[in-house]
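In what follows, a single structure is set out as structure tokens and then discussed.
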Amino acid sequence: HSFPTRRSSDLEKILDALVAKQSFYPYEDTPYAFLQKLLKDLGFQTKLQRVDDKRFNLLACKGSFEKSVLIYMHIDTVQPVNNWAQNPLE
């Protein structure tokens, strides 16, 4: 299976949008919802696996599973502290 390819500028826009999402605990749902929609738009089947009240994993699959790729990531961040020269979410 081949995964859809995107131009570098498209990937940069996706990364910019993801970085702009507030992702520190307990606000992890926003980046996960963004990634879930993106993966669905690319033809993946997705499922949110609840870990506790405010935490979950995003599972995504595509294809027949004859060959598999596992991507495991950690997307929540540490809350920004004061004194930033610019907004760290921009």
For this session: Examine L42 and L35 and state if one hydrophobic cluster contains both, with Ile, Leu, Val, Met, Phe, Trp and Tyr joined whenever side-chain heavy atoms are less than 4.5 Å apart.
Result: yes

Problem set entry | side chain to side chain contact (heavy atoms under 4.5 Å, CB included) partners for T46, two or more places apart | Q36, L39, K40, F44, L58, A60

For this session: Name all residues meeting the side chain to side chain contact (heavy atoms under 4.5 Å, CB included) criterion together with D29; count only those two or more places apart in sequence or in a different chain, and write none if there are none.
Result: F56

Exercise. Are any non-hydrogen side-chain atoms of P31 and L18 less than 4.5 angstrom apart?
Worked result: yes

For this session: For F34, check ring pair (Phe, Tyr, Trp, His ring centres under 6.0 Å) against everything at least two apart and list the hits.
Result: none

Problem set entry | Set of side-chain hydrogen bond (donor to acceptor under 3.5 Å, both in side chains) partners for K47, sequence neighbours left out | none

Exercise. From L59 CG over to Q49 CD, what is the distance, rounded to the nearest 0.5 angstrom?
Worked result: 5.0 Å

Exercise. Taking side chain as C-beta onward, heavy atoms only, is C61 less than 4.5 Å from Q45?
Worked result: yes

